[in-house]
Structure formats: structure tokens, C-alpha cells
Visitor: 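Input: one structure, supplied below.
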Amino acid sequence: MNIEKKVLLTIFGATGDLAKRKLYPSLFGLFKKGILREHFAVIGTARRPWEHETLREVVLESIKDDVENEEFAEKFASHFYYQPHDVQDSEHYRTLKQLGDTLEERYQTEGNQVFYLAMSPNFFGTIALHLKSENIVTEHGYSRLIIEKPFGTDLETATELNEALSNTFTEEQIYRIDHYLGKEMIQNVSAIRFANIIFESIWNKDYIDNIQITFAEAIGVEDRGGYYDGSGALRDMVQNHILQVLSLLAMEPPKKFAEEEIRKEKIKAFQAIHKYTEDEALRYFIPGQYTAGEINNERFIGYREEPNVPEDSLTETFVAGAFFIDNERWDGVPFYIRTGKRLVEKGTRINVVFKTSPQLLTSEECGTNVEPNVLTIYIQPTEGFSLSLNGKEMGQDFNLSPVALSYRHDSEFLGNSPEAYEKLLHDTLDGNSSNFSHWEEVKRSWELIDVIKKAWTNHHTELYTYPARTMGPMESYELLERNGHEWIWQPEKWYIERKQLRCDF
Ligand code: NAD
């Protein structure tokens with residue numbers, strides 16, 4: 001039986017997309033598990049003049065696919081209250097406080113509060129300020145703040161935002177969401193590394209040749225062209241998700257598998273990532289943008305034709321690059337990364353490419369070259385891992401053939417992994433911030449990203465194009481070829497072999 005959490009949760013932006021798609025279903029998940037039971041209430045606030053009942057209907061609508069018992073769902077929704085609120089208006093915070101006090105009394109939440117800011121980051125500072133000045137944040141019980149990305153647009157704006165939040169909340173009270181950190185397989189990276197001696201003992205430059213992290217999306221910018229054009233792939237994906245994953249792969253083993261120790265090692269890993277000069281950044285990072293393309297007889301428009309995107313936009317929808325880590329363990333090992341929109345397939349995966357074994361067997365003796373072992377960690381849409389090995393082909397001759405040990409399943413299909421947001425909300429209620437981004441990590445990641453962005457702008461770097469639904473510009477392949485490497489995951493090959501994708505791009 002799960003221990004019940006007593007809490008008053010206030011969601012700013014309760015009428016928004018994130019609240020409906022992710023937060024309400026995740027809270028319902030916690031209710032079904034008994035983590036939220038009797039002693040909790042949710043205040044939803046936003047500008048629309050809704051009633052409590054309107055919010056409850058929206059909540060019921062958002063969880064309808066998951067409801068087995070109507071009465072149980074109604075009971076869950078009865079814990080929701082709505083307060084129309086303009087975040088800029090001080091008066092509204094007084095009403096909010098009154099409602100909060102009433103609900104604390106009614107549900108006996110013991111003063112524990114979580115504030116979830118599911119709205120534009122422009123408002124984060126104002127909200128934090130008012131939560132303090134109107135005495136909504138108190139010393140009675142705990143107060144925790146969950147905030148969404150983006151955390152700033154560069155080091156300067158991120159620092160300003162952090163200072164604004166720090167007037168009200170300490171670092172320990174701030175939970176910066178990176179929803180990838182809530183994903184089952186990201187958390188499994190540490191299990192694979194630290195619970196398997198066969199990996200942890202060789203997790204270093206002596207045995208690992210390179211590591212490849214791919215975050216591929218098949219979709220374009222959809223209706224978010226306006227937002228995306230001001231951001232680009234480097235800020236939208238690399239600064240947060242990719243660097244977080246990289247730090248988990250690169251960090252030293254923590255002394256204990258406890259929040260404090262993991263945090264310490266992750267921060268050290270971030271600090272050890274080599275900060276490029278502008279010249280180095282130009283050599284190691286490549287921006288790309290999709291043009292019109294076609295796969296399997298389906299046509300796609302180019303980025304500059306997308307709604308709300310300027311015709312002459314220079315925003316990158318793709319980035320490939322290599323990071324290096326300045327420490328004993330990783331000296332000289334490239335961590336290749338790539339991410340982009342309108343790539344061949346949706347897929348997030350990590351390939352750890354080991355060095356090839358000493359050439360005892362020449363290709364004459366074994367019929368083929370000895371392939372490197374590759375550990376692949378699949379994050380989405382399928383979850384799992386596989387390890388490629390060299391085996392002997394059956395028969396008289398001594399010929400090698402690759403074999404994969406594979407454990408992979410479709411998490412959405414099996415429904416066995418809780419939503420990342422549910423896990424992260426649960427962690428917040430537990431006061432466990434190991435799966436959130438710490439300020440020191442955010443700060444360092446902006447230092448690393450700002451140089452790359454500046455280098456591209458100052459040197460008018462060419463924006464390499466790629467047809468929609470390919471794996472990015474040729475320059476991304478050339479980046480690896482320079483070091484004698486290649487991308488392990490090349491989903492385009494499957495389509496090219498079946499003549500569903502042209503190979504002459
Ligand atoms: P949205 O535009 O759908 O919702 C914004 C909410 O803020 C609405 O409820 C709106 O009423 C409220 N709001 C706006 N101005 C207000 C004001 N002055 N006073 C009070 N309320 C106001 O946005 P969203 O997609 O839900 O995203 C919210 C945040 O989450 C953003 O920071 C976004 O970057 C982040 N995020 C969203 C997603 C997603 O899947 N939607 C994913 C990752 C991060």
C-alpha cells in the first residue's frame with residue numbers, strides 16, 4: 001500500500017494544453033495508486049472565467065480513456081477547484097490565498113504546497129514574487145515549485161530568471177522539469193551502468209570508442225512555428241534533454257545511489273564537458289534546416305513554408321555535434337549528438353560503441369571484419385536495450401556473423417511504464433529532486449550552448465539543408481567520418497532499400 005501524500009497543489013495555467021494532456025492524467029494515476037487519496041486538493045488558475053465545475057468537467061474529459069469506475073473518477077475530480085486569475089494582478093493572489101487556506105483546513109493538507117507553473121516562463125518571476133509578498137508560501141509544511149522549460153534563452157536570461165525565483169524559493173525547493181528524466185529508460189541508464197559489472201568495469205576511454213545520442217522527431221513544427229522559430233533545435237533539445245542524458249552517461253559512479261550523491265556527480269560531469277572556443281564550435285557543430293521532401297509517396301513541405309515561420313528563417317531544425325569530456329575517464333572519446341525535426345522516424349536512442357577487439361582474427365580468417373560491440377539503449381517509442389556481439393556462423397567454415405541480444409518492448413502498447421509526468425510529480429511529493437535539473441547544470445549547459453550559438457551567428461555559418469524525412473544533412477555524416485566513425489542508427493537505409501526514399505539527397 002502506498003503512503004498517502006498530503007498536499008495542496010496549485011496549477012498556474014490550468015486551462016492550457018500541458019495541464020490537460022499531461023498533468024490531470026498524471027494526477028489521476030497517483031490517485032489510482034493511493035498516493036493521492038483524501039488529503040489533497042488542486043487549485044487550477046488561469047485567465048478564463050471558469051467555475052469549479054468547469055474545471056472538473058475538463059479534468060474528467062482529460063482522463064476519460066483511463067476511467068474504469070465513474071464514481072471513483074468523480075471523487076477524484078471533486079478535489080479540483082478553479083480560481084480565475086491574472087498573474088500580474090496582486091489582488092488575485094489574495095483571493096487565491098483565501099481559497100488555499102480554506103482547502104488546507106478542509107482537506108487537512110498540513111500546510112504542504114506544490115506550485116506548478118504550466119505557463120509562459122515570462123510570468124515565472126512575477127508569480128514567485130507574489131507568492132512571497134502575499135504570504136502564500138509559508139514556513140508551515142513544505143513549499144515546492146515545479147517549473148517547465150524553457151529555463152531562459154541563454155545564460156543571461158536564465159540567470160535573471162533564477163535570481164527572480166531565488167527571492168522566494170531555495171534551490172532545494174525548485175523542481176525544474178525535464179520530462180525526459182522521468183522516462184523509464186533514462187532512469188534505466190544508471191541501472192544498466194551501475195548494476196552490471198560487465199559494463200561498469202569497461203565504461204571508459206580504454207574500451208569505449210564513441211557514444212551517440214539521437215533524439216529524432218518525424219513531425220515538423222506543427223502549429224508551434226512561432227515559438228520554435230525563436231528557439232531552434234540547439235536551445236529546444238540540446239541545452240536541456242540531450243545534455244542531461246549525456247551527463248548520466250558520463251558521470252562518475254556516485255558513492256551511494258542517493259539523491260545528494262547522484263546530484264554531485266552529475267554536476268561534476270556537466271562541469272567536465274569541454275567548453276569550446278568559437279573556432280572549435282564551428283568545427284564540431286552543424287546546423288541544418290529541412291526543405292520539402294518525400295517518403296513512401298507522402299510529401300512534406302519545407303520549414304520555411306510552415307505556418308508562422310518567416311520565408312527567410314535561419315533557425316536550425318537540426319543539429320549534429322560532438323562533445324568531449326575533460327577528465328581521465330573520457331579523454332578523447334567523442335559524445336556525438338544529433339536531433340532534429342522531420343527526420344525519417346521518431347526515435348530516441350543511445351548507442352555506446354565499444355572498441356573493436358584486438359585483431360586476432362583477420363577478415364581472411366573469419367570471412368568479414370570484426371564489428372565493434374554496440375550497446376543500444378532505446379528510450380522511445382520502444383523501450384529497452386540490445387547488445388550486438390560477434391558470433392560464429394553455423395557451418396564448417398569459421399565465418400563471423402553479428403548477433404544481437406535484445407530486450408525491447410513498446411511501452412505505450414503494453415502500458416507498463418507510468419507517464420514521465422506522473423513519476424516526476426510523485427518525486428516532487430517525495431521531495432526527491434534527482435530527476436530534475438539543478439541550477440548548476442542549467443547554468444553550465446547555457447555556457448556550453450551560448451558559445452555554439454554565438455559562433456554560428458558571428459561567422460554566418462552555413463545552414464545545411466536536408467529534405468524532410470531524411471536523417472539530416474550530409475555534413476552530419478561527414479562530421480563522424482572525419483574521425484573514422486559512422487552513425488550506428490541509420491533508419492533511412494530501410495526505406496532506401498525498399499525504394500520508399502531516394503538516396504541521392
Ligand atoms: P498554453 O498556452 O496551452 O497554456 C498557457 C496557460 O497559461 C493557459 O491556461 C492560460 O490561460 C494561462 N495564462 C496565460 N497568460 C496568463 C495570465 N496573464 N494570467 C493567468 N494565466 C495566464 O501553454 P502549454 O502548452 O500548456 O505550456 C505551458 C508551459 O509548459 C510553457 O512554459 C511550455 O513551454 C511548457 N511546456 C509545454 C509542453 C506541452 O506539451 N504543451 C511541453 C513541454 C513544456
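Whatever order the structure lists ligands and atoms in, that order sets their numbers, starting from 1. When reading the values below, keep in mind they use all heavy atoms of this one structure, side chains included, and skip hydrogens, waters and symmetry mates. Remember, it's a predicted structure, so these values are computed and weren't measured experimentally.
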Visitor: Can K33 and E422 be counted as an ion pair, charged N to O under 4.0 angstrom?
Guide: yes
Visitor: For F323, run the ring pair (Phe, Tyr, Trp, His ring centres under 6.0 Å) check against F285, Y336, F335 and tell me which one passes.
Guide: F285
Visitor: Establish, yes or no, whether a centroid distance under 6.0 Å links the rings of H79 and Y107.
Guide: yes
Visitor: Which protein N or O atoms sit under 3.5 Å from any N or O of ligand 1? Give atom names and distances.
Guide:
from	atom 1	to	atom 2	distance (Å)
ligand 1	3 (O)	D17	N	2.9
ligand 1	9 (O)	G13	O	3.4
ligand 1	9 (O)	T15	N	3.3
ligand 1	9 (O)	T15	OG1	2.6
ligand 1	9 (O)	G16	N	3.2
ligand 1	11 (O)	T15	OG1	3.2
ligand 1	15 (N)	R47	NH2	3.4
ligand 1	18 (N)	D86	OD1	3.3
ligand 1	19 (N)	V87	N	3.0
ligand 1	26 (O)	D17	N	3.2
ligand 1	26 (O)	L18	N	2.9
ligand 1	32 (O)	M119	O	3.0
ligand 1	32 (O)	K149	O	3.4
ligand 1	34 (O)	K149	O	3.1
ligand 1	40 (O)	R21	NH2	2.4
ligand 1	41 (N)	D17	OD2	2.7

Visitor: Think R56 forms a cation-pi with Y81, using NZ or CZ under 6.0 Å from the six-ring centre and within 45 degrees of its axis?
Guide: yes
Visitor: Establish, yes or no, whether a centroid distance under 6.0 Å links the rings of Y276 and Y284.
Guide: yes
Visitor: Less than 4.0 angstrom from a charged side-chain N to a carboxylate O is my criterion; do K97 and E134 meet it?
Guide: no
